[in-house]
Student: 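Pasting a structure below so you can have a look.
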There are 4 protein chains.
Amino acid sequence: MSDNRQNIINATDRLLQTHGLARLTTREIAREAKVAEGLIYHHFKDKAELIYEVVETRVRETKNQMLNLPLQVGKRSLSENLEEVLLSVYHAHYEITPIVNCIFADQKLRVRLQEIVKERNMGPQYAIEGLDVYLAAEQRLGRLSDAVEPAVLAKCLWMISIQSAMLDRWMGNESDETRVRRGIHDCVQTLMTGFAPRPKTEEKTEVKKSK
Amino acid sequence: MSDNRQNIINATDRLLQTHGLARLTTREIAREAKVAEGLIYHHFKDKAELIYEVVETRVRETKNQMLNLPLQVGKRSLSENLEEVLLSVYHAHYEITPIVNCIFADQKLRVRLQEIVKERNMGPQYAIEGLDVYLAAEQRLGRLSDAVEPAVLAKCLWMISIQSAMLDRWMGNESDETRVRRGIHDCVQTLMTGFAPRPKTEEKTEVKKSK
Amino acid sequence: MSDNRQNIINATDRLLQTHGLARLTTREIAREAKVAEGLIYHHFKDKAELIYEVVETRVRETKNQMLNLPLQVGKRSLSENLEEVLLSVYHAHYEITPIVNCIFADQKLRVRLQEIVKERNMGPQYAIEGLDVYLAAEQRLGRLSDAVEPAVLAKCLWMISIQSAMLDRWMGNESDETRVRRGIHDCVQTLMTGFAPRPKTEEKTEVKKSK
Amino acid sequence: MSDNRQNIINATDRLLQTHGLARLTTREIAREAKVAEGLIYHHFKDKAELIYEVVETRVRETKNQMLNLPLQVGKRSLSENLEEVLLSVYHAHYEITPIVNCIFADQKLRVRLQEIVKERNMGPQYAIEGLDVYLAAEQRLGRLSDAVEPAVLAKCLWMISIQSAMLDRWMGNESDETRVRRGIHDCVQTLMTGFAPRPKTEEKTEVKKSK
DNA sequence: AATGAATGAGCTTTCATTCAT
DNA sequence: GATGAATGAAAGCTCATTCAT
């Protein structure tokens with residue numbers, strides 16, 4: 001009666017989070033899911049397909065989160081929105097990071113999954129695009145400086161969020177809500193103002209836009 | 001003659017870069033180093049120790065690279081210096097990324113290396129610190145806005161660089177010099193100016209500094 | 001409706017012909033027969049029993065074919081008749097050869113089937129006997145040399161036919177009608193005359209009959 | 001010190017003879033050879049390569065036997081020589097038959113081995129050719145009827161020998177020396193004389209040579 | 001009668017590690 | 001120091017068989 005297919009996916013996800021790919025054996029998965037080892041191969045062609053399914057599930061959730069970003073346009077302040085959005089990105093990647101790292105460590109698995117990702121058109125761009133669209137909208141509303149390229153800014157912010165998540169994972173830091181929120185807040189505030197030297201006098205700061 | 005030890009370390013490094021941890025077998029290492037499989041166990045207690053040695057070597061090199069960053073203070077323009085520094089960070093981590101990913105994929109290996117990294121104070125902070133010191137110096141010279149916290153800015157820039165490197169690795173992009181340089185240039189220019197809405201009139205933009 | 005039993009037997013036969021015993025899984029059989037895997041175990045005690053059923057069916061058919069061989073006695077020339085008969089033997093065994101090989105590959109299966117074959121008197125003798133009876137009849141009609149032992153000749157001819165079939169299977173040759181027919185024709189003609197040195201003079205060739 | 005490579009080959013040969021391919025597991029091979037299972041993969045790339053080696057060894061022996069056939073030309077009587085030769089063929093194939101059958105039962109293994117056999121040019125023709133050459137030589141000496149085609153006769157005799165061996169294997173008959181020798185003797189004597197009807201009177205037997 | 005999810009033993013293969021030389 | 005044959009534990013995967021529905 002219990003949906004063992006989902007059961008196995010969840011068990012695999014849990015094990016990837018806690019023990020990494022190196023210790024992810026079919027035997028362990030079966031034990032964690034409380035099913036027979038052979039059942040895995042009833043539901044999935046091989047271990048790689050199972051792992052893909054886990055990633056796909058995770059990514060789908062994250063993707064949906066990202067696609068909802070533009071809905072917030074114009075509400076609240078720009079930095080409030082941004083911080084919320086980046087926090088979302090952070091959390092999504094805090095979850096997904098161990099799996100991504102694991103896949104990257106196995107050349108063979110990586111190549112195979114890259115193919116699947118390519119054919120299903122599911123790269124990491126989705127997140128950046130979501131941000132990009134949101135920022136462009138805010139720019140049209142005059143809530144974002146006309147001087148910035150939304151695409152470049154989106155990429156910077158996204159990278160900071162995802163790297164924060166990876167760093168916390170790497171350092172073994174718990175994903176403490178207030179600490180993370182403050183970190184993101186600091187980044188946003190700092191970048192918002194820019195770091196070009198503030199003129200002591202009236203003269204305007206001169207910045208050439210890159211081609 | 002007996003630089004077979006270094007021989008093995010180099011071979012392992014090469015294999016980690018190209019094939020990842022998953023296919024890193026002692027047999028493969030021995031073949032790559034052109035020595036007998038058993039010799040590995042004369043020079044290293046076990047495979048983990050060998051891998052640690054490889055990582056340690058790499059990280060030490062990268063660390064030294066990072067510590068020399070502040071030497072450029074005051075010369076040329078701020079953004080020229082920053083772009084050069086960030087390019088260094090990018091390249092260093094482009095090299096080290098596959099190894100870092102591999103370590104992260106194996107919980108057991110990761111825990112062991114984390115301890116070593118912690119006790120020898122070899123975390124990623126060193127790089128940020130290098131940047132931090134450099135930025136603070138520039139700030140004292142008045143070439144960097146007083147409004148920013150050097151530490152926060154350093155972290156942001158570092159994260160962007162390292163994440164770019166990882167992304168290129170993940171996407172299978174070659175580390176093309178001009179493309180990378182342009183990417184970093186765009187980021188620096190964008191962040192330098194900030195993205196707070198530009199006042200159409202004279203009034204100053206008001207930004208509260210985070211506590 | 002419920003000729004699913006025969007359905008499964010036929011599917012198994014087809015798979016044995018094309019893929020051999022090694023890849024003959026119950027899952028494959030079920031797919032080929034378009035029934036559920038479990039249904040096999042409603043109709044047969046186990047896989048061995050199913051295989052036995054397939055072999056039994058095949059062998060019975062072949063046996064019946066062979067028993068009708070002597071019907072041709074006296075009509076047409078001896079060699080014409082023989083060639084026709086041997087062609088029949090060839091075709092029958094071309095079909096049955098893969099299955100026979102498969103059985104022979106599994107000692108356990110072989111022993112079990114040997115017993116059944118023995119008790120039902122279904123060995124390969126029947127075919128030889130059919131030939132034997134036919135040859136004896138021809139001998140009585142004076143169309144076959146008195147010097148030969150029909151049983152020995154029957155065995156020789158039968159062996160040549162069956163071995164030709166096995167060889168064609170082994171070599172991956174299609175059972176091309178004209179090629180096969182010519183091969184058998186050549187054999188018959190050659191053996192018919194014998195290979196004892198032809199006396200240049202009148203004296204008779206002296207051949208001692210074996211005890 | 002003991003040559004474990006040959007050890008494993010011999011063990012595999014023994015198991016193929018007694019239990020067939022179906023029960024030929026690496027575990028069993030290791031136990032029979034009294035070595036660890038992993039050692040098999042130190043000496044052979046996979047199980048198929050091991051099996052090929054077994055066959056190759058067997059075939060090499062048989063091949064050498066066959067190539068020595070023509071040395072007997074002219075010595076003793078034709079039928080004595082032939083019987084000896086065919087006995088040799090019989091014994092060689094009595095040994096090799098179980099393995100050949102086993103290979104034939106596994107489509108995948110068969111295809112792979114056929115490729116190897118083809119590229120090394122080691123088909124079963126060698127045996128027929130050996131016989132063919134021998135018979136042609138005897139024909140030139142006038143010890144074999146001019147009326148026969150050596151190639152056809154060679155094939156017939158070879159097929160009878162090999163099929164006798166397979167039949168004895170199939171029937172579970174021990175390879176009893178005197179019984180086998182008598183069987184071959186009977187065949188040779190029978191075929192030597194031919195089975196064309198013997199003329200009661202003086203008239204010559206008329207046999208058309210096949211085109 | 002019919003299904004197909006579920007089982008678990010056992011298969012081939014990999015690989016870190018040991019050890020006699 | 002150096003070799004590579006040998007080990008054995010465990011990996012991914014297959015498959016005949018069972019069983020609730």
Side-chain angles (χ1 to χ4, degrees), chain A residues 1-5 7-8 22-30 33-50, chain B residues 1-5 7-8 22-31 33-51, chain C residues 1-5 7-8 22-31 33-51, chain D residues 1-5 7-8 22-30 33-50:
Chain A
M1 188 48 47
S2 66
D3 187 354
N4 271 331
R5 199 189 126 92
N7 208 358
I8 292 169
R23 308 275 157 211
L24 185 79
T25 68
T26 50
R27 212 129 15 229
E28 201 84 16
I29 293 170
K34 291 187 171 52
V35 297
E37 213 180 338
L39 187 57
I40 294 171
Y41 295 88
H42 187 74
H43 290 298
F44 308 93
K45 203 174 131 268
D46 58 11
K47 204 178 122 183
E49 196 176 287
L50 167 57
Chain B
M1 178 62 33
S2 73
D3 51 357
N4 265 337
R5 198 189 129 91
N7 209 357
I8 292 169
R23 302 282 152 200
L24 187 80
T25 67
T26 50
R27 179 169 298 193
E28 200 87 12
I29 293 169
R31 192 190 307 154
K34 291 186 169 58
V35 297
E37 216 178 336
L39 187 58
I40 295 172
Y41 292 86
H42 258 279
H43 291 300
F44 307 93
K45 196 178 126 267
D46 57 11
K47 204 180 127 185
E49 195 177 286
L50 165 58
I51 292 176
Chain C
M1 177 66 33
S2 72
D3 51 357
N4 264 337
R5 199 190 128 91
N7 209 359
I8 292 169
R23 303 281 154 201
L24 186 80
T25 67
T26 49
R27 178 169 299 193
E28 200 87 13
I29 292 169
R31 192 190 306 153
K34 291 185 171 54
V35 297
E37 218 178 334
L39 187 57
I40 294 171
Y41 292 86
H42 258 278
H43 292 299
F44 307 93
K45 198 179 125 262
D46 57 12
K47 204 180 125 186
E49 195 177 289
L50 166 58
I51 292 177
Chain D
M1 190 45 46
S2 65
D3 188 353
N4 271 330
R5 200 189 124 92
N7 208 358
I8 292 169
R23 309 274 157 211
L24 186 81
T25 68
T26 50
R27 232 177 297 278
E28 202 83 16
I29 292 170
K34 290 186 171 54
V35 297
E37 217 179 336
L39 187 57
I40 294 171
Y41 295 88
H42 187 75
H43 290 299
F44 308 93
K45 203 174 130 269
D46 58 10
K47 205 177 122 182
E49 195 176 288
L50 167 57

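Each chain gets a letter, A, B and so on, in the order its sequence line appears, and its residues count up from 1. Computed over heavy atoms, backbone and side chain alike; hydrogens, waters and symmetry mates excluded. From a predicted model like this one, the values you see are computed outputs, not experimental measurements.
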Student: Classify the nucleic acid contact of A:I29 as base, sugar-phosphate or nothing, counting any heavy atom under 4.0 Å across all strands shown.
Tutor: nothing
Student: Whole angstrom is fine here: how far is it from CD1 in A:I40 over to P in E:dA6?
Tutor: 12 Å
Student: Would you mind telling me which of F:dC13, E:dA2, F:dA2 lies closest to the side-chain atoms of A:T26?
Tutor: F:dC13
Student: Of the nucleotides E:dA6, E:dT17, F:dA11, which one has an atom closest to the side chain of A:L39?
Tutor: E:dA6
Student: Out of curiosity, C:N7 CG to C:I29 CD1, how far, rounded to the nearest 0.5 Å?
Tutor: 12.0 Å
Student: Could you work out which one of F:dT14, E:dA6, F:dT18 sits closest to the side chain of C:Y41?
Tutor: F:dT18
Student: Only one of C:L39, C:L50, C:I51 forms a side-chain contact (heavy atoms from CB on, under 4.5 Å) with C:F44, so which one is it?
Tutor: C:L50
Student: Provide the closest heavy-atom pair for A:A30 versus A:A36 in the form atom of the first, atom of the second, distance.
Tutor: CB-C, 4.0 Å
Student: Out of E:dT3, F:dA6, F:dC13, which nucleotide sits closest to the side chain of A:D46?
Tutor: F:dC13
Student: Check the distance between E:dT13's P and D:F44's CZ and give it to me in whole angstrom.
Tutor: 13 Å
Student: Among F:dC15, F:dA2, E:dT7, find the nucleotide with the atom closest to the side chain of C:R23.
Tutor: F:dC15
Student: For A:K45 and F:dC13, what is the distance between atoms NZ and P respectively, to the nearest whole Å?
Tutor: 9 Å
Student: Please report the interatomic distance OG1(D:T26) to CD(D:E28), rounded to the nearest 0.5 Å.
Tutor: 9.5 Å
Student: Using whole Å, what does the distance between atom P of nucleotide F:dG12 and atom CD of A:E28 come to?
Tutor: 10 Å
Student: Can you find a side chain N or O atom of D:N4 that sits less than 4.0 Å from OP1 or OP2 on F:dA5?
Tutor: no
Student: Could you state the atom-to-atom distance from CG of D:L50 to P of E:dT13 in whole Å?
Tutor: 10 Å
Student: To the nearest 0.5 Å, how far apart are NZ in B:K34 and CG in B:N4?
Tutor: 12.0 Å
Student: Drop me the distance from B:T25's OG1 to B:R31's CZ, to the nearest 0.5 angstrom.
Tutor: 7.5 Å
Student: Indicate whether OP1 or OP2 belonging to E:dG10 is found under 4.0 Å from a side-chain N or O atom of D:R27.
Tutor: no
Student: Taking CD1 from D:I8 and P from F:dA5, how many angstroms apart are they, rounded to a whole number?
Tutor: 12 Å
Student: When you match A:G38 and B:G38 each to their closest nucleotide on DNA chain F, which lands nearer the 5' end?
Tutor: B:G38
Student: Return the nearest nucleotide to the side chain of B:K47; candidates are F:dC15, F:dG12, E:dA16.
Tutor: E:dA16
Student: Taking OP1 and OP2 of F:dA5, is either one under 4.0 Å from a side-chain nitrogen or oxygen of D:H42?
Tutor: yes
Student: Map every base of DNA chain F to its dot-bracket character, where paired means a Watson-Crick or G-U wobble contact with both distances under 3.5 Å and | marks a partner outside the strand.
Tutor: .||||||||||||||||||||
Student: Nearest to the side chain of C:E37, which nucleotide is it out of E:dT13, E:dT3, F:dA16?
Tutor: F:dA16
Student: Work out which heavy atom in B:H43 is nearest to a heavy atom in B:R5; give both atom names and the distance.
Tutor: O-NH1, 3.4 Å
Student: How many angstroms lie between atom CD of A:E37 and atom CZ of A:R27, to the nearest 0.5 angstrom?
Tutor: 4.5 Å
Student: Counting side-chain heavy atoms from CB outward, which of F:dG8, E:dA2, E:dT7 is closest to D:A36?
Tutor: F:dG8
Student: Between B:K34 (NZ) and F:dG4 (C1'), how many Å, whole number?
Tutor: 17 Å
Student: Output the rounded distance in Å from NE2 (B:H43) to C1' (E:dT18).
Tutor: 17 Å
Student: Identify whether any heavy atom of C:L24 sits under 4.0 Å from a base atom; if not, whether one sits that close to sugar-phosphate; answer base, sugar-phosphate or nothing.
Tutor: sugar-phosphate
